[in-house]
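Here's the structure we're looking at; comments come further down.
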Amino acid sequence: MLTIKAILGKYESLPTMMFDEIDTGVSGEISNRMGEIMHQMSSSMQVFSITHLPQVASKGDHHFKVFKDENAEVTNTKMKKLNDDERVVELAEMLDGKNLSDSAMAHARQLLN
């Protein structure tokens, strides 16, 4: 689907393209390549990607975290734009979970370069 949309985007003037977990079921080098394709597409249109893959998330120009805020009676879904430091932490959590290791932090920084 990504390939079809990438080709379509070259021939049609589309202002925005949104991908909702289009990278489900892939990992490693394929997820890197998918992130690169979406980043290339962003040079001619606005691209949104909802992903759980740090390889894809690291390719974006901006990174927003979507999360739930729960209290006794209400659950609210919230979204926060991450700054550079928060982005490193979020990518490291995507790689390694909440207990961050030095290697996950280093890998997150490497993904952003």
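If you read the sequence from its start, that first residue is 1, and numbering goes on from there.
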Partner of V47 under side chain to side chain contact (heavy atoms under 4.5 Å, CB included), chosen from M41, K59, Q40:
M41
Test item: E21 and H52 side chains (from C-beta on) under 4.5 Å apart, heavy atoms:
yes
Would you say the side-chain atoms of S49 pair up with the backbone N or O of T51, donor to acceptor, closer than 3.5 Å?
no
Quick check on the hydrophobic clustering: are M105 and L95 connected, directly or via other members, by side-chain heavy-atom contacts under 4.5 Å?
no
Any donor-acceptor N/O pair, E86 side chain to N83 backbone, under 3.5 Å:
yes
Tell me whether M94 is reachable from V88 by hopping between hydrophobic residues (I, L, V, M, F, W, Y) whose side-chain heavy atoms are closer than 4.5 Å.
yes
Should I37 and M45 be regarded as members of a common hydrophobic cluster, given that ILVMFWY residues are connected when their side-chain heavy atoms come within less than 4.5 Å of each other, either directly or indirectly?
yes
Should L100 and E93 count as side-chain neighbours, where that means a heavy-atom distance under 4.5 Å?
yes
Given the rule that I, L, V, M, F, W and Y join up when any side-chain heavy atoms are under 4.5 Å apart, are L111 and M38 in one cluster?
no
Can you check whether F64 reaches L82 side chain to side chain, under 4.5 Å on heavy atoms?
no
Evaluate the criterion salt bridge (charged side-chain N to carboxylate O under 4.0 Å, His left out) for residue pair E90 and R87; output intermediate values, then yes/no.
CA-CA 5 Å; E90 181 64 19; R87 191 170 184 193; over 6 Å; no
If you measure from CG on L2 to CD1 on I22, what distance do you get to the nearest 0.5 Å?
5.0 Å
Gap between atom CE of M17 and atom CG of L8 - 0.5 Å precision:
5.5 Å
Within 6.0 Å of CG in D84, more than 12 heavy atoms from elsewhere:
no
Rounded to the nearest 0.5 Å, what separation is found between the NZ atom of K10 and the OG atom of S44?
9.5 Å
Atom pair CZ/CD1 of F19 and I50 - distance to nearest 0.5 Å
11.5 Å
R109 side chain to A104 backbone, donor-acceptor under 3.5 Å:
no
Check whether any side-chain heavy atom of D61 lies under 4.5 Å from a side-chain heavy atom of H39, and answer yes or no.
yes
Whether over 12 other heavy atoms sit under 6.0 Å from F67 CZ:
yes
How long is the straight-line distance from NZ of K65 back to NZ of K78, given to the nearest 0.5 Å?
13.0 Å
Test of understanding: clusters of I, L, V, M, F, W, Y form through side-chain heavy atoms closer than 4.5 Å, transitively. Do I30 and M1 belong to the same one?
yes
Side-chain heavy atoms of L91 within contact of L112, under 4.5 Å
yes
Looking only at the side chains, is there a donor atom on one of S31 and D23 sitting less than 3.5 Å from an acceptor on the other?
no
Is it true that atom CG of N99 has more than 12 heavy atoms of other residues, nucleotides or ligands lying nearer than 6.0 Å?
no
Reported CG-to-CG distance for the pair N32 and L53, which is rounded to 0.5 angstrom
9.5 Å
Exercise: identify the closest heavy-atom pair between A92 and A108:
N-CB, 3.6 Å
Side chain to side chain, K81 and H62, heavy atoms closer than 4.5 Å
yes
